[in-house]
Amino acid sequence: MSYSASCHCGAVSADIAEELPARGMSCNCSICRRKGTVLHFTPAANVQIAAADEAIGSYRFNRHVIEHQFCRVCGCSPFARGSTPDGGEMIAVNLRCVPDCDLDVLEIDRVDGASF
Ligand SMILES: [Zn+2]
């Protein structure tokens with residue numbers, strides 16, 4: 001079982017080798033609230049990214065622990081990169097960029113990222 005996430009124009013996409021998640025995270029931090037992302041974290045080993053290096057822009061702020069990535073053509077953000085406290089590479093998949101995900105039935109976990 002796998003699903004894919006993609007930007008609007010198709011220049012950036014990723015295949016995620018796992019079941020489609022039933023839950024997503026909505027965060028009120030300064031960037032999530034602006035982008036409107038609904039995130040799902042998964043180990044990077046599950047994720048195969050398909051994009052030319054020059055197609056992906058990245059943005060870091062604050063402690064620079066998360067690399068917020070976006071398509072340089074259409075501006076959508078199908079995923080971000082980060083790591084667990086023990087150094088494991090993680091990908092935060094933006095479920096809003098997963099066409100197979102039914103956003104209306106997704107269980108939403110609200111995270112108070114603004115207070116971190
Ligand atoms: Zn794009």
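Start at 1 and go down the list; that is how both ligands and their atoms are numbered.
- For the Zn ion (ligand 1), the neighbouring protein N/O/S atoms at less than 2.8 Å, given as residue and atom, are C7 SG, C9 SG, C71 SG, C74 SG.
- Around the CZ atom of R33, the shell of radius 6.0 Å holds no more than 12 heavy atoms that belong to other residues, nucleotides or ligands.
- Distance NZ/K35 to OH/Y59: 9.0 Å, rounded to 0.5 Å.
- Taken from CD1 in I66 to CZ in F61, the straight-line distance is 7.0 Å, to the nearest 0.5 Å.
- Between C29 and G113, the shortest heavy-atom contact is CB-C, 3.8 Å.
- Pairing each heavy atom of E19 with each of Y3, the nearest pair is O-CE2, 3.5 Å.
- A search for salt bridge (charged side-chain N to carboxylate O under 4.0 Å, His left out) contacts involving E89 returns R81, not counting sequence neighbours.
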